[in-house]
There are 2 protein chains.
Amino acid sequence: MSRSNPRVLSTLERAGGFASAQEVYRLMQREGESIGLTTVYRSLQSLVNDKIVDVLRRDDGEAIYRLCGEAHHHHLVCKGCGDTVEIEGGAIEKWAKMMAEEHGFRDVGHTAEIFGLCAKC
Amino acid sequence: MSRSNPRVLSTLERAGGFASAQEVYRLMQREGESIGLTTVYRSLQSLVNDKIVDVLRRDDGEAIYRLCGEAHHHHLVCKGCGDTVEIEGGAIEKWAKMMAEEHGFRDVGHTAEIFGLCAKC
DNA sequence: GGTGGAAATGAAAATCATTTTCATTTGTGC
DNA sequence: GCACAAATGAAAATGATTTTCATTTCCACC
């Protein structure tokens, strides 16, 4: 068993609390941190076990890791340039909670993303 | 461009309208149908394009294909048993439209899923 | 300080779903 | 029959993730 490398967590934080393993790895590389991809995966895995981060899936199946407990937000992503805007999602929270109740689900989380073309593209 | 092989759709139906590409393929093999994995993928892809099935993700990232009605809807997925409920998402539509406008995005789509534990799990 | 074992690390190989390539087959209109 | 487009599938490529395994780092204890 391995514990999480603290630099992985701090990088995930710096990435806005929302990134894939590959992205965390590339980010650390770019910042000159010496770390292996394996360690990034292992650290994220262990953070998930410890319930410090959540894992969800992108549309293409890539796993994305998200800090839990953080103010929860969503993303508006440009299909053209990849630019991302964090947006507030109070409406979604309420919707998710309502739908869950209505169908007898508990312990629910959710994902929501909006994608389109930004003003520049 | 390729059109969907009708046997793929009928197999997906027989599988309960809910299966991964690999499962559809294995099922067809077991039933003695001669078909290539590539064709299964292509057919499912094309059914998705035609909005005859939609695609979601298992926890392990594998894509699962599911027959669906025509109305745009979202899913409430049980993390325990994989059970899925189609839910209505009018609130999301409005939210997405609003957020897009606010940030100058156009031509937007969105994804939203709720996951949790169903009453049985 | 040295020593032994457990935990952490990372490079490289393995895995697995999915996509791409490309040569072959099938179908259709002429 | 003939040409040509679409469909097919085997095999290779891709890309994320996991596994393997040899090496390094860390401690606790002497």
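Residue numbers begin at 1 in each chain, while the letters A, B, ... track the order of the sequences.
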Please report the distance, rounded to the nearest Å, between [atom1] in [X] and [atom2] in [N].
X     : N      : atom1 : atom2 : result
A:D60 : C:dT19 : CG    : P     : 10 Å
A:L44 : C:dT9  : CG    : P     : 13 Å
A:I64 : D:dG15 : CD1   : P     : 19 Å
B:Q22 : C:dT18 : CD    : C1'   : 8 Å
B:R57 : D:dT17 : CZ    : C1'   : 14 Å
B:Q45 : D:dA6  : CD    : P     : 19 Å
B:E62 : D:dT18 : CD    : C1'   : 16 Å
A:R42 : D:dT24 : CZ    : P     : 16 Å

| query | Any side-chain donor-acceptor pair under 3.5 Å between B:R14 and B:S10? | reply | yes
| task | Assess the side chains of B:Y41 and B:Q22: does a donor N or O sit below 3.5 Å from an acceptor N or O? | result |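 Side chains of B:Y41 and B:Q22: pair found under 3.5 Å.
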| What's the spacing between B:M28 CE and B:N5 CG if we round to 0.5 Å? | 5.5 Å
In the structure I gave you, are the side-chain heavy atoms of [X] and [Y] within less than 4.5 Å of one another anywhere?
X     : Y     : value
A:E33 : A:Y25 : no
B:R26 : B:R30 : yes
A:L44 : A:V55 : no

| query | Between C:dT9 and A:N5, is there an OP1 or OP2 to side-chain N/O distance shorter than 4.0 Å? | reply |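 Indeed, a polar side-chain atom of A:N5 lies that close.
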| Any A:Y41 side-chain N or O less than 4.0 Å from OP1/OP2 of D:dT18 | no
| query | Quick one, which residues of residues 23-40 of chain A touch DNA chain C with a heavy atom under 4.0 Å? | reply |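 Heavy-atom cutoff 4.0 Å gives A:S34, A:I35, A:G36, A:T38, A:T39.
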